[in-house]
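Indexing begins at 1, ligand by ligand and atom by atom, following the structure's order. These numbers come from the heavy atoms of this one structure, side chains and all, not from hydrogens, waters or symmetry mates.
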Amino acid sequence: MAVLPILEYPDKRLREPARPVEAVTPEIQRLVDDMAETMYAAPGVGLAANQVGVLLRIFVIDTAGEDDPSDLKVFINPEITSREGEMVWQEGCLSFPGVTESVERAERVHVRALDRDGKPFELDAEGLLSVAVQHENEHLDGKLMIDKLGPVKKRLVQRKMQKRAEGRTSSVDG
Ligand code: GNR
Ligand code: NI
């Protein structure tokens, strides 16, 4: 297992749509394991393959609380098949370090996907799990949480991230 580098906005790969996984091979399972390790190391509640530079339709989520046992959920070729209600959630994104913004989401979603063994499963989600499923699923289409902000907030976050990227490329020790 390995902790992979997480891409940060404005990396172009975060804007590219991911393609479906054709077969859940041992290589895919190794990627899934590395994604889980990367998510836990960050730490984050979710991670999409785009965020580690792999354009495949895979994300991992664990919304278990700090004092609870881990509850890793693996989603391969996920599909949100229904959405109900509306809510606003304070979201963060590992590709936008230091940014949290209120985002409008569906309150509940139903999702279909393959698990780490390639076995189909379905899930009803609400609360943080619902938000995470919607957030990660948008990553797979090259969409980002800033796309859901008003124009003024969106521009502020873009400026902040651009400054951060400039600081990284010009610093001696990276
Ligand atoms: O770690 C994360 N926390 C989070 C909090 C509220 C709503 C969504 C998220 S997802 C984020 C990890 C991430 O960037 N996944 O793509
Ligand atoms: Ni994210």
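Taking only nitrogen or oxygen atoms, main chain and side chain alike, Glu136 reaches within less than 3.5 Å of ligand 1. Not one N or O of Leu128 is nearer than 3.5 Å to an N or O of ligand 1, by distance alone. Checked by distance only, ligand 1 and Trp89 stay at 3.5 Å or farther apart across all their nitrogen or oxygen atoms. Ligand 1 has a nitrogen or oxygen under 3.5 angstrom from a nitrogen or oxygen of Gly46. The shortest N or O to N or O distance between Gln51 and ligand 1 is below 3.5 Å.
Residue contacts with ligand 1 leave out Met145, since none of its heavy atoms falls under 4.0 Å from the ligand.
Taking atom 7 (C) of ligand 1 as the reference point, the nearest protein heavy-atom neighbour is Glu91 CG, 3.4 Å. Scanning the protein for heavy atoms near atom 11 (C) of ligand 1, the closest one is Gly92 O, 3.6 Å. Among protein heavy atoms, the minimum distance from atom 2 (C) of ligand 1 is reached at Val45 CG2, 3.5 Å. In this structure, atom 14 (O) of ligand 1 lies nearest to the protein heavy atom Leu94 N, 2.8 Å.
The one candidate from Met39, Arg13, Glu136, Met35 that meets the side chain to side chain contact (heavy atoms under 4.5 Å, CB included) condition with Gln51 is Glu136. Put simply, the residue from Ile58, Val74, Val24 that forms a side chain to side chain contact (heavy atoms under 4.5 Å, CB included) with Arg116 is Val74.
With the Ni ion (ligand 2) as the vertex, NE2 of His139 and NE2 of His135 span 100° to the nearest 10°.
Atoms of ligand 1 found under 4.0 Å from any heavy atom of Cys93 (numbered from 1 in listed order, with element): 14 (O). If you number the atoms of ligand 1 from 1 as listed, the ones under 4.0 Å from a heavy atom of Val131 come out as 7 (C). Every atom of ligand 1 is numbered from 1 in the order shown, and the set under 4.0 Å from a heavy atom of His139 is 16 (O). Taking every heavy atom of Gly44 and a limit of under 4.0 angstrom, the matching atoms of ligand 1 come to 1 (O). Interface atoms of ligand 1 facing Gln90, defined by a heavy-atom separation under 4.0 Å, are 6 (C).
Remark: the backbone N or O of Leu4 is paired with a side-chain donor or acceptor of Thr38 at under 3.5 angstrom. Judged by distance alone, the side chain of Asp141 and the main-chain N or O of Pro17 form no donor-acceptor pair under 3.5 Å.
Few gaps surround CZ on Arg15; more than 12 heavy atoms of other groups in view lie less than 6.0 Å from it. Annotation for Glu126: atom CD does not count as buried by contact number, only 12 or fewer foreign heavy atoms lying within 6.0 Å. When the shell of 6.0 Å around CD of Gln90 is examined, it contains more than 12 heavy atoms from other residues, nucleotides or ligands. More than 12 non-hydrogen atoms from other residues, nucleotides or ligands lie less than 6.0 angstrom from NZ of Lys154. More than 12 heavy atoms of other residues, nucleotides or ligands sit less than 6.0 Å from atom CD of Glu122.
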Q: Take Tyr9 and Gln158, measure what side chain to side chain donor-acceptor pair (under 3.5 Å) needs, and give me the verdict at the end.
A: CA-CA 8 Å; Tyr9 182 89; Gln158 286 175 319; 3.1 Å; yes

